[in-house]
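What follows is one structure encoded as structure tokens, with my remarks underneath.
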Amino acid sequence: MTEVTKSTAQGVFIDNQWIASKSGKTIDVVAPAEGVVFAEIAAGNAQDVDAAVAAARAALAGDWGRLSATERGRLLSKFGLKITEHAEELAQLESRDTGKPLTQARNDMVATARYFEFYGGAADKVHGDTIPFMPGYFVTTEHVPHGVTGHIIPWNYPAQMFGRTVGPALAMGNACVVKPAEDACLTPLRLAELAATVGFPKGAINIVPGLGEEAGDALANHPGIDFISFTGSPEVGTLIQTAAAKNHIGVTMELGGKSPHVVFADADIPAAAKVIATSMVQNSGQTCSAGSRVLIEASAFDAVVAALAEEFGKLTAGTPEMDGPLGPVINATQKKRIEGFFERAEASGVPVLAQGKVADGVPEGGFFVAPRIYGPVPRKNELATQEVFGPVLAVLRFEDEEDAVRLANDTDYGLMAAVWSLDGNRALRVSRQIRAGQVYINAFGAGGGIELPFGGMKKSGHGREKGFAALHDASTIRTTIFKHG
Ligand code: NAD
């Protein structure tokens with residue numbers, strides 16, 4: 001199967017229309033479940049980025065910049081409804097592009113629509129302060145847009161990432177230039193097109209697909225952008241922050257994770273095991289907020305491992321249409337990278353505790369990986385410290401509360417965590433000592449809800465997305481000092 005969907009190769013989307021990329025080049029889009037090219041996208045270049053930034057700048061001075069917060073909110077809400085109307089089409093596109101099971105792609109579209117619904121409602125509810133100052137003065141603050149915002153997003157949740165970063169930026173009145181990931185970006189391209197149909201003025205949302213080192217680099221270094229929001233790997237995050245430092249602009253960095261589940265002996269073990277297993281393989285483990293380390297109190301180690309092994313034994317990777325708990329990983333490189341972790345773990349004597357399957361009848365060229373649990377993993381082994389971005393759990397043992405906290409904090413990352421214990425006091429006490437942007441107690445949701453501030457501590461990044469916190473990061477403050485005598 002090698003049909004190419006030409007509609008996805010129309011170019012770059014600037015000023016509400018498709019324009020041929022100045023590069024004249026395209027990038028093949030491979031379906032991860034099949035390993036075949038099924039579409040192509042434009043390979044946007046620096047000139048395309050220039051045009052997109054100029055369009056966004058003009059939008060700020062034009063119709064988009066003149067809208068009130070309420071009017072912006074209405075547009076966002078209408079866009080949310082439009083996404084819901086097109087949810088099935090978008091889910092089909094997303095699952096072919098990323099390989100994710102259809103139910104998951106459908107859930108992702110519900111979340112994508114919800115970003116615009118949430119930020120549509122929030123747009124006119126971000127208020128400033130009045131500040132007591134010297135006699136004869138009246139001082140107020142207001143949240144104003146940064147201006148032109150750049151958004152560089154990854155391939156793992158293309159539609160959701162678009163909603164997560166662009167939703168709050170638009171709500172606050174910024175004009176956006178988006179560089180989606182070359183590995184999966186068909187839904188962001190379609191979303192930009194759908195946004196134009198609900199009435200976003202031209203230049204408010206521009207999207208330049210292309211390679212990271214070309215279009216992404218051009219956007220990150222562009223002197224015409226006022227803020228950049230990046231989600232991706234820590235290595236590229238460093239490049240983006242270096243570029244931002246040269247241009248003296250602010251950034252939001254959503255980077256990787258190695259998030260721990262801390263399981264005490266008094267936890268509801270079957271409930272914990274089910275949540276830990278299913279959330280770990282969501283998106284084939286290619287989720288920054290995956291709970292990929294399970295830290296288990298020594299006295300319950302065997303019981304928790306047995307419960308996890310039972311859950312992992314039920315997991316089968318399959319095609320989007322098989323609609324099981326997980327699909328393939330994104331590409332051949334990622335599959336090889338994950339298998340490299342497996343080989344090195346085994347070479348260093350770390351045992352496989354349980355393994356799922358790849359379904360019979362999946363296409364031979366698909367990038368499928370059977371989920372695995374390794375353990376006990378030595379504390380400094382790469383499986384305990386590095387982000388694998390695949391369907392693999394590392395289990396480790398801890399002795400007591402103090403040891404649990406030390407171990408939970410013993411990586412460079414600090415994105416998410418969960419504490420499992422039916423002793424509420426202990427669960428809360430431990431959770432408050434973990435350096436992570438989101439900590440669940442007796443539950444876990446990779447990434448959490450749209451209402452909940454999300455982001456990293458330590459090398460997982462800085463700045464917050466989701467919730468009202470994202471609106472603050474997507475804007476800056478102007479203080480007006482009025483001397484009235
Ligand atoms: P990546 O950093 O390679 O790519 C992310 C984006 O950056 C893509 O659009 C890519 O084209 C672009 N890019 C690549 N090189 C660039 C360059 N030199 N200049 C500018 N842009 C460039 O990451 P990835 O492999 O696509 O995604 C996986 C990583 O993303 C993982 O580390 C994961 O944890 C992280 N992630 C984090 C979150 C979060 O919210 N914290 C969410 C999803 C993914």
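Values in this document were obtained by computation on a predicted structure and should not be read as measured data. Whatever order the structure lists ligands and atoms in, that order sets their numbers, starting from 1.
- Seen from the ring of Phe116, Arg114 does not count as a face-on cation partner, given the 6.0 Å and 45° thresholds.
- Ser259 meets the side chain to side chain donor-acceptor pair (under 3.5 Å) test with no other residue; sequence neighbours excluded.
- Checked by atom type, the side-chain pair Gln286/Trp155 shows no donor-acceptor distance below 3.5 Å.
- Donor-acceptor pairing under 3.5 Å is lacking for the side chains of Thr476 and His146.
- For Lys459 and Tyr413, the positive end is not near the middle of the six-membered ring at less than 6.0 Å and at most 45° from its axis.
- In this structure, the protein non-hydrogen atom closest to atom 25 (O) of ligand 1 is Trp155 NE1, 3.4 Å.
- Looking only at heavy atoms of the protein, atom 3 (O) of ligand 1 is closest to Ser233 OG, 3.9 Å.
- Look at Arg164 and Glu465 and you find a salt bridge, because one of the NZ, NE, NH1 or NH2 atoms lies within 4.0 Å of a carboxylate O, short of that distance.
- For the pair Lys466 and Tyr115, the NZ or CZ position fails the cation-pi test of under 6.0 Å to the six-membered ring centre and within 45 degrees of the ring normal.
- The closest approach between Tyr157 and ligand 1 stays at or above 4.0 Å for every heavy atom of the residue.
- Contact analysis puts Pro180 in contact with ligand 1, with a non-hydrogen atom separation below 4.0 angstrom.
- Considering backbone and side-chain atoms alike, Asn156 places every N or O at 3.5 Å or more from each N or O of ligand 1.
- The atoms of ligand 1 that sit less than 4.0 Å from any heavy atom of Gly216 are 19 (N), 20 (C), 21 (N).
- Ligand-side atoms of ligand 1 in range of Pro154: 26 (O), 27 (O), 43 (C), 44 (C), range being under 4.0 angstrom from any heavy atom.
- Less than 4.0 angstrom separates some heavy atom of Leu239 from each of these atoms of ligand 1: 18 (N).
- Taking a 4.0 Å cut-off on heavy atoms, Glu465 fails to register as neighbouring ligand 1.
- With a 4.0 Å heavy-atom cut-off, ligand 1 is reached by the backbone of Ile153 but not by any atom from C-beta on.
- In terms of protein heavy-atom proximity, atom 39 (C) of ligand 1 is nearest to Cys288 SG, 2.9 Å.
- Residue Met161 places a heavy atom under 4.0 Å from ligand 1.
- Residue pairs meeting the side-chain hydrogen bond (donor to acceptor under 3.5 Å, both in side chains) criterion with at least one partner in residues 240-256, sequence neighbours excluded, are Gln241-His462.
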